[in-house]
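Right, one structure below, let's go through it.
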Amino acid sequence: MGHLDHAALGWLTPALSYAMACTGAALGLRCTVRALAATGRTRRNWLLTAASAIGTGIWTMHFVAMLGFRVSGTDIRYDVPITLVSLLVAVLVVCAGVFAVGYGRNRVRALLLGGLTTGLGVASMHYLGMAAMRLHGEVSYDPVRVGLSVLIAVAAATAALWAALNTESALAVTLASLIMGAAVSSMHYTGMFAVSVRVTPSGEALPGATAMQFIFPLAVGLGSYLFLTSAFVALSPTAGEREAPASARQQPAGSTAP
C-alpha cells in the first residue's frame, strides 16, 4: 500500500480550498437570493450565475485540495478531458438544483429535489475528478466512507438551498456560506479518506498532465472568475434599490413621502 498524504503542502491547500468553497457558496447564495426577488429573464440570469458560482467553487475547492495530495512510490497525473467533464458536470447538475428551487411552486418539494440533485452532482464531480487521476497502482474505495461522503454532500446542498430560500441579509448569507464551505470540505476529505492505493512501481511515463501544468492554471482562472463576479454582484443594485429611484420619480412635484 502506498502512503497517502492529503496535505503535502501543509495547511496551505486545505485552507485555500476552504476559502474557494466559501467564496463560491457565498456568491451562489447571493445570486439565488437576487433571483428569487426577480422575474423573467433576470431571474434566469441570476440562477445561471448562481449555478456557475457554486459549481466552479466546488470544483476549484476539490482540485486546490488535490494539489496537496501525494502517494508515496508514484507520481500523479490527471486526464485532461475527464477533469474538464467533472467541471461541466458540477455546473450542470448544480444548475438543475438551483433552477428547481428558483422555479418550484412547492418550496418544500423544490428544496428536497434541488438538494438531492445538487448534492449528487457535488459527489459525482468529486469522484469523476478522482477517476481522472493517473498513477502507478490501483485505487480502491471504502464503500461506507463513500456513502457517508455522498450523504454529507446532499445534506450540505439542501442546507445551502434552504439558506437561499430563507435568508436575505448579507450577514446571514455569509454565515451560511461559511457553513456550506465547511460541509463541502468535509465531504471532500471524507471521500479522500475512503481512498487506498496499492502501488505498482514502474518506470513508464504516466499519461496526462501534472497538477501544476493543468490543474493549477485552471483553478487560478476559475478563482479569478469567482472573485470578479463577486465584485460585480456586490456593486449591482438590488431590486429594492432599483425600485426606490423609480418610485421617487413617480411622486408629484412638491409632494413629500408619507
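We count residues from 1, following the sequence as given.
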Val139 vs Val195, side chain to side chain contact (heavy atoms under 4.5 Å, CB included): CA-CA, chis, key distance, verdict: CA-CA 7 Å; Val139 179; Val195 175; 3.9 Å; yes
Partner residues of Tyr18 under the ring pair (Phe, Tyr, Trp, His ring centres under 6.0 Å) criterion, sequence neighbours left out: none
Under 3.5 Å donor-acceptor, Ser185 side chain and Gly181 backbone: yes
Ala37 backbone acceptor or donor facing Arg43 side chain under 3.5 Å: no
Same apolar cluster (I L V M F W Y, side chains within < 4.5 Å links), Leu161/Leu178: no
Criterion side chain to side chain contact (heavy atoms under 4.5 Å, CB included) on Glu138 and Thr200, from CA distance to verdict: CA-CA 8 Å; Glu138 180 181 351; Thr200 305; 6.0 Å; no
Nearest-0.5 Å distance that lies between atom OG1 in Thr83 and atom CE in Met125: 11.5 Å
Test item: Thr229 side-chain N/O and Tyr225 main-chain N/O as donor-acceptor pair under 3.5 Å: yes
Tyr141 atom OH, over 12 foreign heavy atoms within 6.0 Å: yes
Hydrophobic cluster identity match, Ile58 and Leu87, side-chain contacts under 4.5 Å: yes
Closest non-hydrogen atom pair, Gly73 against Val199: O-CG1, 3.7 Å
Residue pair Phe69 / Val71, side-chain heavy-atom distance below 4.5 Å: yes
Point-to-point distance, once rounded to the nearest 0.5 Å, from CE of Met187 to CE of Met180: 11.5 Å
Exercise: identify the closest heavy-atom pair between Ala38 and Trp46: CB-CD1, 4.5 Å
Heavy-atom pair with the smallest gap, counting every atom of Arg34 and Val233: NH2-O, 3.0 Å
Non-hydrogen side-chain atoms of His6 and Arg70 separated by less than 4.5 Å: no
Contact check, side chains of Met133 and Arg77, non-hydrogen atoms, under 4.5 Å: no
His188 vs Ser17, side chain to side chain contact (heavy atoms under 4.5 Å, CB included): CA-CA, chis, key distance, verdict: CA-CA 10 Å; His188 171 84; Ser17 63; over 6 Å; no
Nearest-0.5 Å distance, CG of residue Leu27 to OG of residue Ser230: 4.0 Å
Atom pairs and distances, side-chain donor-acceptor, residues 207-224, under 3.5 Å, sequence neighbours left out:
| residue | atom | partner | partner atom | Å |
| --- | --- | --- | --- | --- |
| Thr210 | OG1 | Gln213 | N | 3.1 |
| Thr210 | OG1 | Gln213 | OE1 | 3.3 |
| Gln213 | OE1 | Thr210 | N | 3.0 |
| Ser224 | OG | Val220 | O | 2.9 |

Results of side-chain hydrogen bond (donor to acceptor under 3.5 Å, both in side chains) for Ser86 - residues two or more places apart only: Trp59
Rounded distance [0.5 Å steps], OG1 in Thr190 versus CD1 in Ile152: 3.5 Å
Contact check, side chains of Leu113 and Thr117, non-hydrogen atoms, under 4.5 Å: yes
Nearest-0.5 Å distance, CG of residue Leu175 to CG of residue Leu29: 11.5 Å
Donor-acceptor under 3.5 Å (Arg145 side chain, Phe193 main chain): yes
Derivation and outcome, side chain to side chain contact (heavy atoms under 4.5 Å, CB included), residues Val197 and Leu135: CA-CA 9 Å; Val197 179; Leu135 48 73; 3.9 Å; yes
Contact summary for Ala51 and Cys95, nearest pair of heavy atoms: CB-CA, 3.3 Å
Minimum side-chain heavy-atom gap Tyr103-Leu47 below 4.5 Å: yes
Distance (rounded to the nearest 0.5 Å) between Leu128 CG and Ile82 CD1: 7.5 Å
Set of residues satisfying side-chain hydrogen bond (donor to acceptor under 3.5 Å, both in side chains) with respect to Tyr127, sequence neighbours excluded: Ser149
All side-chain hydrogen bond (donor to acceptor under 3.5 Å, both in side chains) counterparts of Tyr78, not counting sequence neighbours: none
Thr74 side chain to His136 backbone, donor-acceptor under 3.5 Å: yes
Residues that, via side-chain heavy atoms closer than 4.5 angstrom, fall in one hydrophobic cluster with Leu228: none
Atom of Val150, atom of Ala123 and distance for their closest heavy-atom approach: CG2-CB, 3.9 Å
Whether Ser52 side chain and Thr49 backbone form a donor-acceptor pair below 3.5 Å: yes
Joint cluster assignment, Leu120 & Val91, ILVMFWY side-chain distance < 4.5 Å: no
